[in-house]
Q: 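First the structure, then my questions, so here it is.
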Amino acid sequence: MSNELQNIKNRFGIIGNFPALNRALEKAIQVAPTDISVLVIGESGVGKEFIPKIIHSESKRKHQPYIVVNCGAIPEGTIDSELFGHEKGAFTGATATRKGYFEVADGGTIFLDEVGELPLQTQVRLLRVLESGEFMKVGSSQVQKTNVRIVAATNVNMMKAIHDGRFREDLYYRLNTVQIDMPPLRERKGDIHLLFRKFAIDFAEKYRMPELELDPGAVHYIENYTFPGNIRQLRNLVEQMTVVERNRNITIEKLAEYIPMETHLPMVVNTPNAQKQTDFGSEREIMYKILFDMRSDINDLKSLTSELIKNRGAADLSNHEKNLINRIYTPEPQQAVNSGSLLYFEDNNKVQTPTIISNPEDTYEDIEDIEVEENRPESLSLQNNEKDLIIKALEKHKGRRNKAADELGISQRTLYRKIKQYNLEE
Ligand SMILES: Nc1ncnc2c1ncn2[C@@H]1O[C@H](COP(=O)(O)OP(=O)(O)OP(=O)(O)O)[C@@H](O)[C@H]1O
Ligand SMILES: [Mg+2]
């Protein structure tokens, strides 16, 4: 890595060594001395705001103004006047002439954040100032000159915005003379733990607490999370855990409370990633462990309820308590559907689907069945249990699919699909 790149990272507190991140930063350093417009593209929270700062600070404009304009945050009615200024009397409330950012930033840099949100009429003015350096204040017919370098950023799909008529194509090409792409965090697996440690140190200092640490399983788990909110989300996560968690050593179970498995799984299954094959063995171990933990939680619940029944006698239980107990013994249908996606490693795993007593109106007798049912050898196939559950629901509701779907807690469409899948049509 070049010294210059390392210097920039140190100066701005940028963590990470992922090649695409390094390329983005290198590109910013390279184009900085020119006046070329730059468009920064990347999902929310990936660190786009570092780029215009680097460009400005590495350019000959660095002692001139640097102005950040959040195009999405300024009301449509005032944005032209904010950017280009207005004449006295241009509109109600314009009691004096006002300079806009393009005048104030003369000689410097303007960062147009969320540029995709600019109203169309403002896009026309912006195109003109980019092409000729000319603009007019709102309510004035006098042309003024300015010399401003533009860096813009967006997390929206600009091609779609152009296609939908919300963004001018000519302006897009004018802004996008050089494009810098900031990679999402989920592609930067190797940087995730580095960032975690940086934020753990920062927040430990801020809140005067010992630093959080991830144990090896937790590192692996977090590295495979999708991070839809990218680095901002990771930062918030570490801040929250720093304040809330008593135990400084973060285990996989702890992390799973913050990062739910559903948002984690698609990553494991779908990512086109060369590491996938080699990582898969340990992914599977992690998933086993989570499933086993869930099972032991369910078993704990079961023995608690058995005790309750023994101590109080089933006849004394209120309807509410009976319903609750029944729900403990009835898997959430949605979960059963989710676990369906885990079927590929189910064979050598002793995942047990909880025994099913599905009628919420079940009374005393059903509760007594619990012990018996619990000792019965269970089918270990999630698929078989799912199928049985669907058959039971259909029988109970005499084939009325809407009722059965309701009871199963799944959509009718999902139920139709499952009926087809298991050949239950008749
Ligand atoms: N590589 C990094 N190293 C350290 N901190 C980072 C890094 N990338 C981003 N951050 C931090 O993550 C947070 C989000 O970054 P930033 O505000 O630049 O996101 P953004 O791409 O502008 O997102 P949005 O589109 O939502 O505005 C900031 O607190 C930033 O300091
Ligand atoms: Mg931003």
Side-chain angles (χ1 to χ4, degrees), residues 1-2 4-29 38-58 66-74 101 109-118 150-161 166-167 175-176 178-207 211-212 214 222-223 225-243 259:
M1 188 184 347
S2 71
E4 213 176 355
L5 180 56
Q6 192 54 57
N7 280 341
I8 289 287
K9 284 187 183 172
N10 295 345
R11 250 176 52 213
F12 289 89
I14 301 174
I15 303 296
N17 286 312
F18 185 66
L21 173 72
N22 287 346
R23 269 201 304 280
L25 301 175
E26 297 262 22
K27 215 167 170 182
I29 298 169
V38 175
L39 181 64
V40 190
I41 294 188
E43 290 175 19
S44 186
V46 288
K48 294 190 290 296
E49 280 164 45
F50 287 127
I51 300 293
K53 285 186 194 153
I54 294 171
I55 290 177
H56 181 72
S57 73
E58 293 299 290
Y66 171 71
I67 295 182
V68 180
V69 183
N70 188 335
C71 305
I74 304 174
Y101 299 135
T109 309
I110 291 183
F111 172 38
L112 295 175
D113 202 1
E114 298 189 40
V115 72
E117 304 293 321
L118 274 184
I150 297 290
V151 181
T154 181
N155 57 27
V156 304
N157 182 341
M158 294 297 275
M159 284 305 161
K160 183 165 188 308
R166 284 179 286 114
F167 206 85
L175 288 171
N176 196 13
V178 165
Q179 179 175 316
I180 296 184
D181 295 292
M182 296 295 276
L185 186 55
R186 68 183 159 279
E187 286 177 7
R188 298 169 50 188
K189 281 190 183 201
D191 288 347
I192 292 177
H193 195 199
L194 288 177
L195 281 158
F196 184 97
R197 286 206 296 255
K198 175 202 159 45
F199 295 140
I201 293 169
D202 289 354
F203 289 120
E205 203 170 287
K206 177 169 175 192
Y207 295 109
E211 264 168 63
L212 290 183
L214 292 176
I222 204 171
E223 282 177 348
Y225 176 55
T226 49
F227 279 108
N230 290 293
I231 297 141
R232 183 180 292 118
Q233 185 188 3
L234 175 60
R235 192 171 176 272
N236 293 346
L237 172 75
V238 181
E239 178 165 26
Q240 201 185 345
M241 290 200 303
T242 301
V243 179
I259 302 177

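Every value quoted in this text rests on a predicted model; they were computed, and no experiment measured them. Atoms within each ligand, like the ligands themselves, are counted from 1 in listed order.
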Q: Taking everything shown except Gln179 itself, do over 12 heavy atoms lie less than 6.0 Å from its CD?
A: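 Yes, the 6.0 Å shell around CD holds more than 12 heavy atoms from other groups.
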
Q: Measuring from each atom of ligand 1, which residues have a heavy atom under 4.0 Å away?
A: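 Ligand 1 is contacted, at a heavy-atom distance under 4.0 Å, by Gly13, Ile14, Ile15, Glu43, Ser44, Gly45, Val46, Gly47, Lys48, Glu49, Phe50, Asn155, Arg188, Leu195, Phe199, Ile231, Arg232, Arg235.
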
Q: Among side-chain atoms of Gln6 and Asn10, is any donor-acceptor pair under 3.5 angstrom?
A: yes

Q: Which heavy atom in Ala152 sits nearest to a heavy atom in Phe111, and how many Å separate them?
A: C-CE1, 4.1 Å

Q: Can you tell me if Asn230 uses its side chain to pair, donor with acceptor, with the backbone of Arg232 under 3.5 Å?
A: no

Q: Does any N or O in the side chain of Asn155 come within less than 3.5 Å of the main-chain N or O of Glu114, such that one atom is a donor and the other an acceptor?
A: no

Q: What closest approach, in Å, do Phe203 and Glu239 show between heavy atoms, and which atom pair accounts for it?
A: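 Nearest heavy atoms, Phe203 then Glu239: CE2-CD, 3.5 Å.
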
Q: Measuring from the Mg ion (ligand 2), count protein N/O/S atoms under 2.8 Å, please.
A: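 Every protein N, O or S atom under 2.8 Å from the Mg ion (ligand 2) counted, the figure is 1.
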
Q: Under a 3.5 Å distance rule, please check whether Lys27 uses its side chain to pair with a backbone N or O of Ile180 as donor and acceptor.
A: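 Checking the backbone N and O of Ile180 against the side chain of Lys27, no donor-acceptor pair under 3.5 Å is found.
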
Q: For a quick test of reading the model, state the closest non-hydrogen atom pair linking Ile41 to Lys48 and the distance between them.
A: C-CD, 4.0 Å

Q: How far apart are the closest heavy atoms of Gly116 and Met158, and which atoms are they?
A: CA-SD, 4.1 Å

